[in-house]
Amino acid sequence: MSGHLSPPRFSSHRRFLELKLSDLHKCSDLGSLLQIHSQIIRLGLHLDPFVAPKLITAYSLCRRPSAAAAVFDLVPNPNSHLFNTLIRAFSHNSLPSLSFLALSRMQLSAIPVDSFTYHFLLKSSMGILRRLEVIQAHIVKLGFLSDIFIPNTLIDCYSKVGEAGIIAARKVFDEMPMKDVVSWNSMIAALARAGEIWDAKQMFDEMPERDTVSWNTMLDGFVKSGEVDSAFDLFRKIPDRNVVSWSTMLSGYCKKGDFEMARLLFDKMPVRNLVPWTIMISGYAEKGLAAEASSLLDRMENAGLVPDSAATISILTACSESGLLALGKRIHTAAKKKKQNLTTQIGNALVCMYSKCGDLDDSWIVFNEILVKDLVSWNSMLQGLAMNGQGKRALELFASMKEEGITPDRVTFIGVLCACNHIGLIKEARWHFASMKKDYGIIPEIEHYGCMIDLLGRGGLLMEAYSLAKTMPFEANAIIWGSILNSCQVHNNVSIAERIVDELIDMEGIDTGDIAIISNIYASAGRWDGMAKARMKMKDMGKQKQAGSSWIEIDDAVHEFTVGDRMHHQADRILKMIDRLGKHLKHLGSAVEAA
DNA sequence: ATAGGGTTAG
């Protein structure tokens, strides 16, 4: 054999490993990482000061913070660099309290902190104003503001905590003795995020030098503020447009629904990576343009591109919004082909997509395939069951979720109340509504009140529904009034219906659908005068408000319905069936009442 | 020689 031609075994291993080691910190596949890690241990390199940080970084990338911590714990005398890497791992995996625990360990062992340490602590505290302020105080005392990375990070972090944050960000920016282009770019992004788009533009005009990021930041500001025309004016002036500039512009036109412009730019752009493809496909999908989305996905695959997790998630989300089950399934199949484990995020997006498309069986299958379920997974499944009339199963899921030790949040309770609503459990709903505040400290929001009001109304407790809508700590919106109005129709209650119409008129939220309902209510009460008046009013309003519609996808064809339309080619059969279902329900209802 | 950091698109 040719064994004598191969180099000695050990050195070949070693060379193989060296190749892997240089890129180890970029390894995002857990399987390969475990393989490399075991070889590293065999060679005794896991304590090497240049290898250990890379291992920690890799585990962080693979979303295994506890493995990262385990690598750290084996190193006998960790230095600042290793501590910083660990804090970054915690920060990337949203474990801020562990970041701070690491900081105290550093202080206890008298390991010097540096600006890197504080950089990662800032990133860990993203979105929490109070914490950012405390860290900033430390930073000032320790003199780390002189490292320009730090104030630049501060601007970014502050700008992500809303109203109060933007003032703090501005203060940091104004007090910087030296600013670089990143400082300006971060401040422009901050102002744009706060909705101060014209202040951002002024700053953009004033800044001493602009790079491509500056132009793209301003461009994105315009797009996110809905100023697509201003964005395009700016786009045309960009000296060196890159794929980000084109993509930002694309997303602006897609959100507006101007696919002619979007497609024009997409076909014209010189370089396309996954992002512009994703924007276009999701853009079409979000607006329900199934054929366009699907054929573009064909083209993308023919170009040899495979959706990554971001592309997968954003296309799935778009499918959820418009109920494109076929496209969603296609993306699911593509994701399965990759033979990688189902990640929590992709699993969640799939559960949500299947639920919103009404395909509960597949939703349930995916939910059970998610190995590491987070709160979002449970909430999505719960809401899916609740939305699709499986109230009982939803409440069972809520129970098992608590058994698993998952703490419910505000979204969970929207699902729970919605589930009670679907099966008419008024008593249980009242209990959960009280419990969310008492046992979990969650203050009910307008959505929770909305659920309760809808539930009371459907149960015929119209007066209670009405008074809850009047006394809750939020101003009732047209959706809430509309829901009680619907119930008034079901329970033939004229007087409350009239009050609600007054409320809707007061807030200028009345539409033709509401008038149609009140007209029906008058009609069934034999109040022909009221009915005629309502009909007049409806004619008056004309079609000034676009009626809502619903649609369903069957065998790749989308069927759309609006109130009172008979456009569908099988409208007669459909209406007959609805009539039959209605009678059937009435029959069941009276059977229940009799029992 | 080899390691952690800030701004823009899905």
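Naming: A, B, ... by sequence-line order, numbering from 1 per chain.
Using a 4.0 Å heavy-atom criterion, one finds that A:Asn242 contacts no nucleic acid atom at all. Among the atoms of the strands shown, none is found under 4.0 Å from any heavy atom of A:Ser251. At the heavy-atom level, A:Asp48 lies nowhere under 4.0 Å from the strands shown. Residue contacts for A:Ser282: at a heavy-atom cut-off of 4.0 Å it reaches no nucleic acid atom on any strand shown. Using a 4.0 Å heavy-atom criterion, one finds that A:Ser214 contacts no nucleic acid atom at all. Among the heavy atoms of the strands lying under 4.0 Å from A:Asp308 is at least one base atom, whether or not backbone atoms are also near.
Whole-Å rounding puts the A:Leu234 CG to B:dA9 P distance at 15 Å. Following rounding to the nearest Å, A:Met176 (CE) and B:dT7 (P) show an atom-to-atom distance of 13 Å. Regarding A:Leu219, its CG atom lies at a distance of 15 Å from the C1' atom of B:dT7, rounded to whole Å. Between the CD1 atom of A:Ile40 and the C1' atom of B:dA3 there is a distance of 14 Å, rounded to whole Å. For the pair A:Ile155 CD1 and B:dT7 P, the computed distance is 11 Å after rounding to whole Å. Going from atom NE2 of A:His119 over to atom P of B:dG5 covers 7 Å, rounded to whole Å. With rounding to whole Å, A:Ile238 atom CD1 is found 10 Å from B:dT8 atom C1'. For A:Leu305 and B:dG10, the CG to P distance is 18 Å, given to the nearest whole Å.
Among the nucleotides B:dA9, B:dG5, B:dT7, the one closest to the side chain of A:Val213 is B:dT7. You'll find that the side chain of A:Asp220 is closest to B:dT8, out of B:dT2, B:dG5, B:dT8. The side chain of A:Leu274 approaches B:dG10 more closely than any other nucleotide in the set B:dA3, B:dT7, B:dG10. Taking only side-chain atoms of A:Ile150, from C-beta outward, the nucleotide of B:dG5, B:dG10, B:dA3 with the closest atom is B:dG5. Listed nucleotides: B:dA9, B:dT7, B:dG5. Nearest to the side chain of A:Ser186: B:dT7. Ranking B:dG10, B:dA9, B:dT7 by closeness to the A:Val244 side chain, first place goes to B:dA9. Among the nucleotides B:dG10, B:dT7, B:dA9, the one closest to the side chain of A:Asp156 is B:dT7. Here B:dT7 is the nucleotide among B:dG5, B:dG10, B:dT7 with the atom lying nearest to any side-chain atom of A:Val182. Distance from the side chain of A:Asn216 is smallest to B:dT8 among B:dT8, B:dA9, B:dT7.
The residues A:Lys201 and A:Asp205 are annotated as salt-bridged, a charged nitrogen and a carboxylate oxygen being separated by less than 4.0 angstrom.
Checking side-chain atoms of A:Ser60 against main-chain N and O of A:Ile56 turns up no donor-acceptor pair under 3.5 Å.
An OP1 or OP2 oxygen of B:dA9 is reached within less than 4.0 angstrom by a side-chain nitrogen or oxygen of A:Lys224. At the phosphate of B:dT8, OP1 or OP2 sits under 4.0 Å from a side-chain N or O atom of A:Arg193.
A cation-pi arrangement is absent between A:Arg105 and A:Phe72 under the rule of less than 6.0 angstrom and at most 45 degrees off the ring axis.
Of all non-hydrogen atoms in A:Thr85 and A:Pro53, the two that sit nearest each other are CG2-O, 3.4 Å.
Contact annotation: side chain of A:Ser115 to base of B:dG5, donor-acceptor pair present below 3.5 Å.
Residue pairs that meet the ring-ring contact (aromatic ring centres under 6.0 Å, His included) test with at least one member in residues 122-161 of chain A, sequence neighbours left out, are A:Tyr118-A:Phe144.
A donor and an acceptor atom, one from each side chain of A:Thr153 and A:Asp156, are nowhere located under 3.5 Å apart.
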